[in-house]
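Report on the structure given below.
To find a chain, count down the sequence lines: A is the first, B the second, and so on, and within it residues start at 1.
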2 protein chains.
Amino acid sequence: MARTSGSSSQKTGPLVRAAALRLFAQHGFAAVSMRQIAAEVGVQAGALYRYTPDKQSLLFELMQVHMEELLTTWAEVDAGAEPLARLDSFVRFHILHHLDRADAVFISYMELRNLTPENFAQIEAMRAEYERVLEDILLACGGEGLGDPKLTTLAVLAMLTGVNTWYREGGRLDREAVVQSYVAMVRRVVGV
Amino acid sequence: MARTSGSSSQKTGPLVRAAALRLFAQHGFAAVSMRQIAAEVGVQAGALYRYTPDKQSLLFELMQVHMEELLTTWAEVDAGAEPLARLDSFVRFHILHHLDRADAVFISYMELRNLTPENFAQIEAMRAEYERVLEDILLACGGEGLGDPKLTTLAVLAMLTGVNTWYREGGRLDREAVVQSYVAMVRRVVGV
DNA sequence: AAAAGAAATGAACGCCCGTTTAATTGCAAG
DNA sequence: CTTGCAATTAAACGGGCGTTCATTTCTTTT
């Protein structure tokens, strides 16, 4: 019978993914070797292959989990209230969720080109689904100034995701101040 | 006397940089080998070292030229007219300039972590200078809704640079339509 | 205590890396 | 036509790469 509790493999698997996440984000997928990941976990390189078929799958799984979590978490948060409240709620959610997962966000934007075509298509579909979420909210808000909805969606998402590139904990503005500023800016972009 | 005209080195240098630019953008700095760059130029790997001291300098030079060109080109374009016209002009300039240099833009955002600390600091200084350009314009516009100027600057730049991630020639919207939409959106963000 | 089998090791596989250097090529000046 | 030198080659350097696999270690169940 297989070992079922306290086994090392139930710990090592997550450790491998955590190490890969951190190292990929810091140095880039191509610049990180399986031996580096193994060293971070405290294991030899060969042992990693009990937890992933290869390096590429390791990357894909990190992105996949990240995108799935993004979609399901929003689904839980979304109260489906009146359009304007939903918009504010989305802005807050996006910023805070992304700030809490800086490494995964970084990887998901920077390492798309290292995915196989099939894996890329899968990630891209989830990204499109997420964009659709915001687009639907914008359409429901329907500000009189709202121009092309798809273009506005992409503009707002770029603006929001951009926070990750400069926000630092303990900086001049805290999270709440940032959220409130962006809520106000997004409202103005949308024209409501 | 040295050969002064029609020499091969006056051609090979630019070819090396062009090949590196394209390959770095497509596959990432770490994933591209000196042998790949050499093959693209039609030369052996060793020959590259007449045109760059090492791979890292090749990357740095590409970014440096890109950032310098960004700053000097804006300086030429900037008419220094009334604030609102300058803002519109900046939006137009940023979008079109970046769309014309997709590879260099991509590299300059994605490969920052592959720079040595000294090289990084130099690129970062130029980026800060560029941000300052927009911040000054925003302050001059001084919309009543304008919140934190630095935060607004970063939000607008993220929004504008984001165009590069989705715009495709021959798509649903042409450049002029995109520019006009963004001019309108940026005006609203700034509150003027 | 013995058996079972999962987890991990460590060595090996063939291959590619960035960079250096002596030797060669080929153009242009004299 | 010779000479000089810039441009390039080809080979080599030590080292790291992703991945595989026979073997060993370790933990749990019986």
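Judged as a ring-ring contact (aromatic ring centres under 6.0 Å, His included), the pairs with a partner in residues 14-44 of chain A (not counting sequence neighbours) are, in order, Phe24(A)-Phe29(A). Listed by first then second residue, pairs satisfying ring-ring contact (aromatic ring centres under 6.0 Å, His included) with a partner in residues 169-192 of chain A number zero, not counting sequence neighbours. For residues 53-75 of chain A, the set of pairs meeting the ring-ring contact (aromatic ring centres under 6.0 Å, His included) definition, not counting sequence neighbours, comprises Trp74(A)-Phe90(A), Trp74(A)-Phe93(A).
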Contacts table for residues 184-192 of chain A: side-chain donor-acceptor under 3.5 angstrom, sequence neighbours left out:
residue	atom	partner	partner atom	Å
Arg187(A)	NE	Asp88(A)	OD1	3.2
Arg187(A)	NE	Asp88(A)	OD2	3.4
Arg187(A)	NH2	Asp88(A)	OD2	2.4
Arg188(A)	NE	Arg188(B)	O	3.3
Arg188(A)	NE	Val189(B)	O	2.9
Arg188(A)	NH1	Gly145(B)	O	3.3
Arg188(A)	NH2	Gly145(B)	O	3.4
Arg188(A)	NH2	Val189(B)	O	2.8

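Take Glu176(B) and apply the salt bridge (Lys or Arg N to Asp or Glu O under 4.0 Å) test, not counting sequence neighbours, and it matches Arg92(B). Residues meeting the side-chain hydrogen bond (donor to acceptor under 3.5 Å, both in side chains) test with Glu131(A), sequence neighbours left out: none. Remark: Asp148(B) engages Arg172(A) in a side-chain hydrogen bond (donor to acceptor under 3.5 Å, both in side chains) (not counting sequence neighbours).
Proximity note for Tyr49(A) (side chain, C-beta onward) versus dG18(D), dT8(D), dT20(C): the nearest is dG18(D). Candidate nucleotides dT19(D), dT9(C), dT8(D) were compared by shortest atom distance to the side chain of Ala45(A), and dT19(D) ranks first.
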When you check every protein heavy atom under 4.0 Å of nucleotides 10-17 of chain D, what one-letter string (B, S, -) results, 5' to 3'?
--B----B
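Residues from residues 111-118 of chain B that place a heavy atom under 4.0 Å from any atom of DNA chain C: there are none.
Between Glu124(A) and Arg127(A), at least one side-chain N (NZ, or NE/NH1/NH2) sits under 4.0 Å from a carboxylate O, which counts as a salt bridge.
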